[in-house]
Amino acid sequence: MTKNRFREEFARALATAFQQAYADKFESMGVKEVFDAEFIYDNLEKPKDARMGRFAFPVFRFSKLLGAKPPEIAQRVADTASESISSYDGLAAVTSAGGFINAATDFAAEAGETLCEILKSKSAYGGSDRGNGRTVLVEYSSPNIAKPFGIGHLRTTILGNSLRRIFKKLGFDVIGVNYLGDWGTQFGKMIVAWRRWGGGARVADSHVTDLLELYVRFHEEAEKEDSLNDEARLAFKKLEEGDPETVKLWEQFRETSQAEFDRVYKLLGIEFDLVTGEAFLNDKMEPVIKRLEKAGLTSISEGALIVDLDDPHLPPCLLKKADGATLYATRDLAGLIYRWEKYKFEQSLYVVGTAQSDHFKQAFKVIGLLEDKEQVPPDERMIGRVKHIEFGWVRFGDQMLSTRRGNIIFLEDVINKAVDLAREKIAEKNPDLADRDETALMIGVGAVLYSQFSVRRQKDVNFDWDEVLSFEGETGPYLQYTHARLCSLLRNYPAEVSAEFDQSLLDKEEERRVVELLADFPAAVEDAARSYDPNVIAAHLIRLAGAFNRVYQRKDDKGRIDKIISDDANLSAARIALVESVRTVIYEGLSLLGIQAPQEM
RNA sequence: GCCCCCGUAGCUCACCUGGAUAGAGCAUCGGUUUCCUAAACCGAGGGUAGCAGGUUCGAGUCCUGCCGGGGGUACCA
């Protein structure tokens, strides 16, 4: 990972100052804790109030170690560092405030270096080669076939899509997997429903909404007539045994659904590297069961084949039902093992809702037990590399969205509504725009996507039409609008953008905020990867866009807008370098979220 | 019953591995356009961070208990 030079310099200056100011302690301790620049680097903070400085180091924890009160330490070290500040060309001042040591960077230097780096590396800015080609699997979206694509699928789909992009940016070889729910008792239900109420139509002529109706009807009728459930189980059993007629029906359900999914993915710009499904694992389950049996982990309970997890809070993991049919967990275990053997991944992420948290705990526990029993060497174990990236529910009003009850908002409707609204806005604000339809699509989709990133992933998110369709404030369109405005500036600028500019001309407080946010973008990308949450990037972009808009509308002493492009060629050149840098980062950040940015809107 | 997640401004949410005066957006009220896109910007009001303890120099953040909401709890996925 590339380190921030200014941050590093401050850490070095502090470590040296600590060594000098507390020479006796340093002598006995050596290069550790506060005497170690690397330690300080990792423990630097950002001051709450930007006026306090660029970086901060709290010394409270070291009061005991150094035998002095925090403010004394801070002052003494800050004074010591100040004496030799001239040997650090990136630092302007080191001061103390209470128990904090604060640093101000040489702003012109930081502005110059940051902007030059962005102008030079362009879209590569914020990335790294940290992944070094190691493999990361991300499983996301994974809709069930024979069901429409509802708003409930939105989160996993775009979260996973974004994580795929983020890890790619960090140099990992990412495989985005769409693991279709194309197997299980639910297909028994569909088959029964189709035969009973399908009216003899051909599946190929049907639409997913027809299938949904049947699915809902099944659940309604099954409440009255319990034997339907047995019938469905039997139908699934036949499917699993390969009964030709049943298999044919299933294949048709699959095709009908796939067509709908592809349409939605195209609309949203979602990409996968591998589309597979539960059915793919059909012949891979038996070997896994054999392996578990051989390891002595299985037992029969109430007629079912289980793995007892020896955990009071986890029910046993079911491998086979009493009727011999397999279950979700069986297939996931087979999938875990298959993918581990095939890819030897660094990490494998399952972007699945929080409701399935226990399921993943069970599956991972089984893998752990198996690796223990088989005495797999530590560096050949997949346990610890597989992670459940869970996220909260999408809620609609007071209701949970449930496909079983037919209580569903179609994702396509949401997108269409947002795009229509974007089209209206364009007609109102920029009726002469050339690519109106294309732009409206980008904005509408941007609004829908962003609405999911504005909340930390663990939290439930309330689906609110007004919010999703809002284009003002902390929204996707706000970021897109800022980007379009930046593009407009670049169009209006009469010369070429150049990395040769007078950095000392970027001396306004508003500009400093922007530069700092630009410099911190790589850290935000890292942060998003570490927490598996693109929300970090979304929030960073909002701050950046806001900071830039304040530069853009900054007024001079006379109350007039201080324009980016003016008669002063040198000043304009410096400011336009800032503009191009912000544009690059917003564009790149949005692309990590899977959001496109039009040049005009 | 047990397990997991959540509880911050009227609403929706932030606060990075505990740190300085708890910040944004929406909504409300007021202001900014002879000026590069006003989908923007500035200002005002709005807070017992569910409650009660504990750990710590320091707690929205960690621990315990309680209250409230949601989810899960073997033959659905």
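- Here the nucleotide nearest the side chain of P316(A), chosen from rA74(B), rC36(B), rA39(B), is rA74(B).
- A78(A) approaches I101(A) most closely through the heavy-atom pair CB-CG2, 4.2 Å.
- As judged by a 4.0 angstrom heavy-atom cut-off over every strand, S301(A) is placed among the base-contacting residues.
- Between F261(A) and F149(A), the ring-plane angle classifies as perpendicular under the 30° and 60° cut-offs.
- Taking every side-chain heavy atom of M52(A) into account, rA20(B) is the closest of rA20(B), rA38(B), rG71(B).
- When the P atom is used for both rG10(B) and rG47(B), the distance is 7 Å, rounded to whole Å.
- Between D311(A) and K361(A) there is no salt bridge, since no side-chain nitrogen of the basic residue lies less than 4.0 Å from a carboxylate oxygen of the acidic one.
- For the salt bridge (charged side-chain N to carboxylate O under 4.0 Å, His left out) test, no residue two or more places apart in sequence or in another chain qualifies with E390(A).
- Each of E428(A) and R233(A) lies near RNA chain B, and the nucleotide nearest E428(A) is the one positioned closer to the 5' end.
- With centroids closer than 5.5 Å and planes inclined by less than 30 degrees as the test, F100(A) and the base of rA20(B) pass as a stacked pair.
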Any chance you could encode RNA chain B as dot-bracket? Rule is Watson-Crick or G-U wobble with both distances under 3.5 Å; [ ] for pairs crossing earlier ones, | for another strand. (((((((..((((.....[...)))).(((((.......))))).....(((((..]....))))))))))))....
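- Among the heavy atoms of the strands lying under 4.0 Å from E302(A) is at least one base atom, whether or not backbone atoms are also near.
- Between V352(A) and H388(A) the shortest side-chain heavy-atom distance falls below 4.5 Å.
- The ring of F100(A) has its center closer than 6.0 angstrom to the ring center of F60(A).
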Any chance you could list the contact pattern along nucleotides 5-17 of chain B? Use B for base contacts, S for sugar-phosphate-only contacts and - for none, protein heavy atoms under 4.0 Å, 5' to 3'. SSS----SSSSBB
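- A close approach under 4.0 Å does occur between a side-chain nitrogen or oxygen of N549(A) and OP1 or OP2 of rC41(B).
- Between Y215(A) and H219(A), the two ring planes are perpendicular [angle over 60°; tilted spans 30° to 60°].
- Protein atom OH of Y140(A) is 24 Å distant from nucleotide atom P of rA77(B), rounded to whole Å.
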Atom pairs, protein N/O to nucleotides 63-68 of chain B N/O, distance under 3.5 Å:
none

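- In this structure, I443(A) reaches the bases: a heavy-atom distance under 4.0 Å links it to at least one base atom across the strands shown.
- More than 12 non-hydrogen atoms from other residues, nucleotides or ligands lie less than 6.0 angstrom from CD of Q186(A).
- A donor-acceptor pair under 3.5 Å links the side-chain atoms of N43(A) to the main chain of F39(A), judged by distance alone.
- If you measure from atom NZ of K563(A) to atom P of rC36(B), you get 5 Å, rounded to the nearest angstrom.
- For residues 527-537 of chain A, the set of pairs meeting the salt bridge (Lys or Arg N to Asp or Glu O under 4.0 Å) definition, not counting sequence neighbours, comprises D527(A)-R530(A).
- A heavy-atom distance below 4.0 Å to RNA chain B is reached by these residues of residues 480-488 of chain A, ordered by number: Y481(A), A484(A), R485(A), S488(A).
- Here the shortest heavy-atom pairing between F453(A) and L159(A) reads CE2-CA, 4.4 Å.
- Residue I426(A) is classed as a base contact, given a heavy-atom separation below 4.0 Å to a base.
- Across all strands, A56(A) comes closer than 4.0 Å to base atoms (heavy-atom distances).
- As judged by a 4.0 angstrom heavy-atom cut-off over every strand, I306(A) is placed among the base-contacting residues.
- Comparing the C1' positions of rA49(B) and rU21(B) gives a spacing of 15 Å, expressed to the nearest Å.
- For H313(A), taking side-chain heavy atoms from C-beta onward, the closest of the listed nucleotides rC3(B), rA39(B), rG71(B) is rC3(B).
- Around atom CG of D567(A), no more than 12 heavy atoms belonging to other residues, nucleotides or ligands sit under 6.0 Å away.
- Remark: C1' of rC4(B) and CG of D311(A) are 13 Å apart, rounded to the nearest angstrom.
- In this structure, E510(A) reaches neither bases nor backbone, as no heavy-atom distance under 4.0 Å exists between it and the strands shown.
- Aromatic pair F253(A)/F187(A): ring centres not closer than 6.0 Å.
- At least one side-chain nitrogen or oxygen of Y478(A) sits closer than 4.0 Å to the OP1 or OP2 atom of rC41(B).
- A side-chain donor from one of T326(A) and E240(A) sits under 3.5 Å from a side-chain acceptor of the other.
- For Y552(A), the side-chain atoms get nearest to rU37(B) when compared with the rest of rA74(B), rU37(B), rA39(B).
- F62(A) has its ring centre less than 6.0 Å from the ring centre of F57(A).
- Between rA77(B) and R331(A), a contact under 4.0 Å exists linking OP1 or OP2 to a side-chain N or O.
- Checked against a 6.0 Å centroid threshold, the rings of Y328(A) and W183(A) do not count as neighbours.
- Counting any heavy atom pair closer than 4.0 Å across all strands shown, D432(A) reaches no nucleic acid atom.
- For K361(A), whose side chain is taken as the heavy atoms from C-beta onward, the closest listed nucleotide among rA40(B), rC3(B), rA74(B) is rC3(B).
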